[in-house]
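Structure first, then comments.
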Amino acid sequence: MQQMRFKAYNLGNYLNLPQVQQYLTPEQKHDIRVVGTVLPFKVNQYVIDELIDWKNVPNDPIYTLTFPQKGMLLPHHYNAVSDALNSDMPKEELKTLLYEIRMELNPHPAGQLEHNVPELDGIKLTGVQHKYRETMLFFPAHGQTCHAYCTFCFRWPQFVGMDELKFAMRETELLIEYVKQHPELSDILFTGGDPMVMNTQRLSDYIEPLLDSELSHLQTIRIGTKALSYWPYRFTTDTDADELLRLFEKIVKSGRHVAIMAHFNHYNELKTEAVKEAIARIRNTGAEIRTQSPLMRNINDHPRTWAKMWKLQVKLGCIPYYMFVARDTGAQHYFSVPLHRASQIFRKAYQTVSGVARTVRGPSMSAGPGKVQVLGTAMVGNEKVFVLRFLQGRNPDWVHRPFFAKFDTDAVWLTDLVPAFGEEKFFFEEEYSFFCGNTDEPQQLSMAG
Ligand SMILES: *Cc1c(COP(=O)(O)O)cnc(C)c1O
Ligand code: SF4
């Protein structure tokens, strides 16, 4: 296979790209500059040459996925930044303006930074989130960037320098000790950013100690990544790609399950020879690939897109896993799809695939109390309702218990919903506000993560 060297583009050099020069109008180039000043922007040569169909720009889904779009900022924010750039506003003043705008984009939906961070002998493990009993999230310090940035990314504050890697952790010893002290853990999920930006040696330094026989309760090592989409060469022609596959083999040989949690938003990300070869090579190690994606307006808000993507994934040997709802942060207003439409899109797509692709669950909201799936809408007596259930709950006892919310055409997130049948609270609310050590104000529900 032909080798490609990793080269990234951002606000500093995107104007040099021949495709940008050929296909974008001066207005579009300005829009990128304005929106990219507020929200993160980074693409690379592979995305530009192999994934984006430039003849289809600006409607191309991968273009919308990676290049900042005018509509991602509300008009008054857009105009303020555009005026600032056109008038060469002094640096300090611009910084203040950007900070103010970013603070209005709900940068921490969920109090993600403060909640779910466990302690070990009095030390806060800032690179760990342990919210659901069996699975702990781990944010390795060196995996906190990505090969390109998604325009809808909910970790955007980290990429514009607002969060200063508060999530990330360097100490492997603390990680190991924590796992040792928590026999209820069966899964560890490496996440980021993208842990696959790390070289194999680094990744191996984190993973090898976990294979210790003392940690036999750890059954599954998951790696959340978008590298199959944004940089499949990580698994094929990069200098340490073979070593990486060897590492997967080693975990498998230790008797554990390796799950690559692959982020794909559109079937166009599955069309290249590079991604097909990467998938085949990963599967050859004994690792499984499970796929997940949020549902995003302007990118993949059509049942045919999902059905085609799931079918292709199954054909390539991947297992469809989650469809998520757009989170309440950043450019949510540009990407969000109302819950009732999300539910229809899921159902129509699900109906057209065979049972082996129906491993997928969604649409699911990763909210404060847990992962809440919209099962659909129904008429109960004279009332139209949403039928919901927890796929994951802060209290495991909440899982898989159907509950009901009043139907609402505009609702896009759990916090927009109220209980059906005139009930005052959802069944979990009292206990949830107890978890938060706080009041039972409805906005408490938005504490996700
Ligand atoms: C999604 C998620 C997990 C993993 O949940 P599974 O349903 O087991 O895939 C773990 N922790 C957090 C905080 C999550 O959001
Ligand atoms: S790959 Fe994930 S973390 Fe990286 S930009 Fe996309 S959504 Fe954000």
Side-chain angles (χ1 to χ4, degrees), residues 8 10 39-44 47 62 65-68 109-113 115-118 128-139 143-160 163 167-168 185-197 219-231 234 257 259-266 269 288 290-294 296 299 319-327 329-331 335 359-362 364-373 389-394 396 399-400 447-449:
N10 53 32
L39 295 166
F41 167 44
K42 171 168 148 188
V43 278
N44 67 58
V47 175
I62 312 301
L65 169 64
T66 50
F67 279 76
Q112 290 188 88
L113 301 183
H115 292 268
N116 317 313
V117 173
V128 170
Q129 260 187 295
H130 189 181
K131 177 169 169 180
Y132 306 132
R133 189 174 53 199
E134 291 82 11
T135 305
M136 120 183 194
L137 305 189
F138 177 56
F139 298 79
Q144 299 309 311
T145 183
C146 305
H147 293 102
Y149 291 146
C150 309
T151 39
F152 57 69
C153 180
F154 69 98
R155 298 249 157 84
W156 65 269
Q158 177 176 320
F159 302 139
V160 295
D163 280 353
F167 264 150
L185 279 173
S186 63
D187 289 37
I188 180 169
L189 169 52
F190 284 76
T191 182
D194 192 329
M196 282 301 151
V197 300
Q219 291 180 9
T220 302
I221 295 187
R222 305 194 211 175
I223 300 174
T225 182
K226 198 162 170 63
L228 276 168
S229 164
Y230 283 160
W231 192 248
R234 182 69 194 87
H257 181 80
I260 305 301
M261 310 304 289
H263 177 187
F264 289 111
N265 309 110
H266 194 277
E269 293 163 286
E288 295 283 7
R290 290 171 208 274
T291 61
Q292 52 194 31
S293 167
M296 293 288 168
I299 294 177
I319 305 165
Y321 192 66
Y322 274 139
M323 174 203 271
F324 292 119
V325 176
R327 288 211 199 197
T329 180
F335 291 113
T359 47
V360 68
R361 292 153 306 152
S364 168
M365 295 172 270
S366 291
K371 282 190 168 68
V372 177
Q373 179 186 22
R389 70 164 170 173
F390 281 93
L391 294 169
Q392 276 294 2
R394 193 174 283 264
V399 172
H400 216 283
M447 299 209 286

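Every value quoted in this text rests on a predicted model; they were computed, and no experiment measured them. As the structure lists them, so they are numbered: ligands from 1, and atoms in each ligand from 1.
Residue Tyr322 holds the heavy atom nearest to atom 7 (O) of ligand 1 of all those in Tyr322, Tyr321, Tyr132.
Of all heavy-atom pairs between Leu228 and Ala262, the closest is CD1-CB, 3.9 Å. Across all their heavy atoms, Gly193 and Phe159 have their closest contact at CA-CZ, 4.1 Å. Counting all heavy atoms, side chain and backbone alike, Asn10 lies closest to Phe41 at CB-O, 3.4 Å. The two residues Lys226 and Phe264 come nearest to each other via the heavy atoms NZ-CA, 4.1 Å. Taking every heavy atom of both residues into account, Pro195 and Ile223 meet most closely at CG-CG2, 4.0 Å.
Close to ligand 1: Arg222, with a non-hydrogen atom less than 4.0 angstrom away. Using a non-hydrogen distance threshold of 4.0 Å, Gln392 registers as a contact of ligand 1.
Taking any N or O of Gln129, backbone or side chain, none lies under 3.5 Å from an N or O belonging to ligand 1. Ligand 1 has an N or O atom lying under 3.5 Å from an N or O atom of Lys371, backbone or side chain.
Considering only non-hydrogen protein atoms, atom 2 (Fe) of ligand 2 sits nearest to His263 ND1, 3.9 Å. Atom 8 (Fe) of ligand 2 has Cys153 SG, 2.3 Å as its closest protein atom, hydrogens excluded (heavy atom only). Summary of contacts: the protein heavy atom closest to atom 6 (Fe) of ligand 2 is Cys150 SG, 2.3 Å.
Using a cut-off of 2.8 Å, one finds that Cys146 contributes an N/O/S atom close to atom 4 (Fe) of ligand 2.
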